[in-house]
Amino acid sequence: MLSLPVAARFVTLSWAVFYILAVLFGAPFFSDIIATAVLATALTAVSALPAVFLFDSEERAVEVILQLFSCEGNPTPKESVLLFNSVFAFLGAWAAAAVHPLDWDRWWQRYPLPSLVGCFIGAVIGIFIAITRIFVIKRTAYNKTKKR
Amino acid sequence: MISKKGKFWISRVLVVCACALLVYSFVALDITPTPPTEEFGFKDGNQESSSSPRLVFMVIDAFRLSFLTSSKSPMSFTKSEITKKSAKLFDAYARMPTVTLPRITAYLTGTLPSFGTVLTNLATAEMKTANWISRIQKIGKKVHFFGDDTWIRLLPRSFEKFEGVTSFFVSDYTDVDNNVTRHLDTELSNTNHSWDALILHYLGLDHIGHSLGGSSSKIPEKLKEMDDVIGRIHKYLKSSTSVDQESYLIVCGDHGMTAAGSHGGASPDETRVPVVIWKFGREEGNKNYGNQDDSLKQPPRIEQIDVSSTIFDVFNMPIPIESYGISLINYFSDDEEEYFEKQHNQFRRIVQAKHLAISDICDENCDYSDKFIKSALKKWFLTVQSELIGSASEVPNKSLGVCVFLLLVALTLSMGLWNLHLSKSDFFIFLINITYFASSLIEEEHEIWYYLGSTVVAIRALRNFKIWNKTEVKSIFFLAFLHRIACSYTQSTRRRWIMDSSLLPPSIFSDTLDFQPNNLNTILNEYPIIVILTCSLFWMYGYKQSKFHIILPMVSHFLRLFELTQFNEVLMHFIRLSILPISYSTGSVLAGCLPLLLAIVPVSQILLLLVIYNMGKLFSKLNLGSVEFVTLCMSSFFYTGNSNSLSTLSLTSAYVGLSSYQPILVGLQLMLYTFSGPILFLCGCNASSCTSLLNHLFSYRISSMCTSLICLYIFQNHLFIWSVYSPKVVYDMAHVIFFGLIGLL
């Protein structure tokens, strides 16, 4: 668990990044401010908040995040669950925007509902995939040792 | 094997062939199917005995329904006539394409011309189909015409007296109507009984929309002027029609007008036009206008072709077999039985001739006085008509197939020119074609490109993350920022934003924190001097070539602002002439077009062009790949407010600095303005250095046109075939030709 001031800084920063990203991806800047804020909060809650409890030092957190982008390094199983969870949450929120241009005029097409739902569904899928992956890796490692 | 050069040229030639074939086959649809009309004997004797009816047919271009029915409408005379029930208002449906020529054809012939006419709208040929003007001229009646010269080209020998005004010079909106109205003095003099049908076509309203926009203060003035003209004609007809005579006054719009002042699309503003009919003289009292109190708010819905049948009935002529309008004469005469019999026989004949699978309601011996049969017949008429309208909009399947084949060959050839070291991601761009199968995604295509634009830039940023080159990250962030600014630039003019907000889903979170600034475009339009000055400063700073290219267009903007039209015209000619020397000195035709482009865009968009130009520069600095190129280049096409609807074409820019209609210059300026986004983007990233990227773009455009043609084939019975899928094909054709041309430069 990160210390409180560090955690606060980390969470605020990631919230700001998510907000800016949402705007850059086309969220309205002048209107729907609360809506974008809620979306940023949801993304933060799913990805940055668990990180606060998982990591012990800020350095390790930054290291793991940078590893994510370069697809190198080996995170611990716990860290990999977090990474999968965050990435899929973001992808879910991204992909859910596809329903906006459709002219069905349903209440749930209103921004940011699709992205909120996409974010949570994505997070769940991410966790599921990560756990399966860990299980598969452990199984193969176990099989290898057995053969020896 | 074909050499590289061969592939390059053959692919382009094939594309041009496919486009030509497509245009030809759509236009040919209109010419071929007319069967020889059996001329049945005119009841000439009948005509002689009763004194002949007279008709004034007045078309007001771009006269949408709400111009008449809204409570703010200044047309007080017409409105009071309708509420008094001296006149009958109809809500006519203008079918696609909502441009003048096909709509006039519908009024004249009672047939619906195919979508191909949108392409031939500018080059009108003589009308071959049976229409009421040539018919009444044949039975010796005199037709006078004043207004849009399209009519004269359609029916060159039919008018005894005429004056045409040019319909394409949109910046003239006073003389064009005065030239029509001044004839009324002689035409409406009581002593001079010289015509049987008087046709007037007023263009001023349409021209105001095109050049000043749909919210211009000139529009109420023009409507008032039209109302006065209607009042004059009404007064004359009322006083000059004797009791044993019949006179009709029909006032109608050919198509509507969007909030932005344009037309060509399928929104209700464009497709709903008023038709107001007055009857004077004999049986004036016998009108079945219905008992509705709200005649202004809920007029009966009709098709434009119904007016044609009504006029045939007014002159007591047999309706030609091609025509499938439902006559409205029952609103104006008491003889309902005759009306039903005539209409029934007409439709029965068509159903037999076209082998429609609609069973007749009753056979030879119909009792037309029966109330139930009447109401059943009314429904039957509508069914037959909608069936006929559906079958009228044919798609030339065979030539579609040939076109798709030609395009596929061109696609393979142009893909052969791609670099050998391809990554898989280069092919992802073709996946976008899947979205063409959903009509709403075609209508909102800009959103897709904008979102993908942000996405590709984000992906690029992620890939660069591990290197963490500070300047590069900065540039990428700046590119994303510029993209976002450019996206929101014309957002407020989009279909979704101007839609009635009650139709859209409600907001989920409160909007207390929101502030609603007027949209950027209106702010920029309010202070043009400051905007031009700051924009030119920005451009001076951002543009590395000769500053001269920037100063001239800015001076032209100022001249226009202070209404020094003559000086501006000279300057514009100079700018147009300077294209060649500038392209020679800078080595790129696109850079040569830049001064002209800067001169013709609206003041508010000068800054947008700079944003796009800078995006191009950042693009080449970052050395991005083909997927990024295609997405950003296509987004830049939509930045300036384009869409897949013909109504977003801006004619205003096409006429900047022209005092008369010069088709080639107008066409050139229209093309330049429509493609200003891609042109500026390519200027910025120096088109000559990205030949292979342009090749990718060309291949993508070919595949896109292919897909739209396949969509056109698959969805030929879709409700939106003429409003969404066909305009998309027209735009795709423009794209494929434009990007093919760019590759040559």
Side-chain angles (χ1 to χ4, degrees), chain A residues 16-42 62-73 83 86-87 90-91 93-118, chain B residues 435 438-455 457-459 461-468 476-477 479-485 487-488 491-492 494-497 499 502-520 635 720 724:
Chain A
V17 167
F18 283 128
Y19 195 100
I20 291 170
L21 274 179
V23 171
L24 284 181
F25 269 92
F29 183 71
F30 290 114
S31 60
D32 292 272
I33 290 172
I34 296 183
T36 314
V38 169
L39 178 61
T41 314
V62 172
E63 192 187 329
V64 170
I65 291 171
L66 285 182
Q67 276 171 7
L68 163 71
F69 295 123
S70 53
C71 304
E72 289 157 4
L83 285 183
S86 321
V87 169
F90 193 81
L91 281 182
W94 176 85
V99 302
H100 286 307
L102 296 169
D103 61 355
W104 304 336
D105 297 335
R106 295 299 142 95
W107 59 271
W108 47 262
Q109 272 178 292
R110 176 80 194 200
Y111 174 78
L113 271 194
S115 293
L116 278 181
V117 174
Chain B
T435 61
S439 64
S440 49
L441 294 186
I442 295 181
E443 283 177 299
E444 312 285 327
E445 199 188 334
H446 52 275
E447 297 285 1
I448 294 167
W449 287 114
Y450 291 170
Y451 202 61
L452 285 180
S454 301
T455 309
V457 175
I459 291 175
L462 288 186
R463 281 155 111 200
N464 269 44
F465 225 86
K466 58 180 165 187
I467 313 164
W468 195 256
I476 290 179
F477 190 75
L479 181 63
F481 177 70
L482 288 182
H483 172 71
R484 180 66 181 82
I485 298 268
C487 290
S488 50
Q491 197 71 294
S492 59
R494 294 289 177 196
R495 192 179 70 96
R496 276 296 168 120
W497 288 64
M499 223 151 101
S502 64
L503 292 175
L504 295 172
S507 177
I508 289 152
F509 299 104
S510 87
D511 47 8
T512 39
L513 282 181
D514 299 359
F515 38 106
Q516 257 105 26
N518 297 327
N519 74 68
L520 200 59
S635 324
F720 294 150
V724 176

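Since the structure is predicted, the reported quantities are computational estimates derived from the model, not experimental observations. Labels below follow one simple rule: chain letters A, B, ... track the order of the sequence lines, proteins then strands, and each chain is numbered from 1.
- Looking at T435(B), neither its backbone nor its side chain comes within 4.5 Å of chain A, counting heavy atoms on both sides.
- Heavy-atom minimum distance, W94(A) versus Y451(B): O-OH, 2.8 Å.
- With a 4.5 angstrom heavy-atom cutoff, V38(A) touches chain B only via side-chain atoms.
- Annotation: side chain of L24(A) is not in contact with side chain of S454(B) (no heavy-atom distance under 4.5 Å).
- For S440(B) against P101(A), the heavy-atom pair with the smallest separation is CB-O, 3.8 Å.
- Taking chain A as the reference chain and counting heavy-atom pairs below 4.5 Å, the highest number among V457(B), T455(B), L441(B), I448(B) is found for T455(B).
- The two residues F25(A) and A458(B) have their closest heavy-atom pair at CZ-CB, 3.8 Å.
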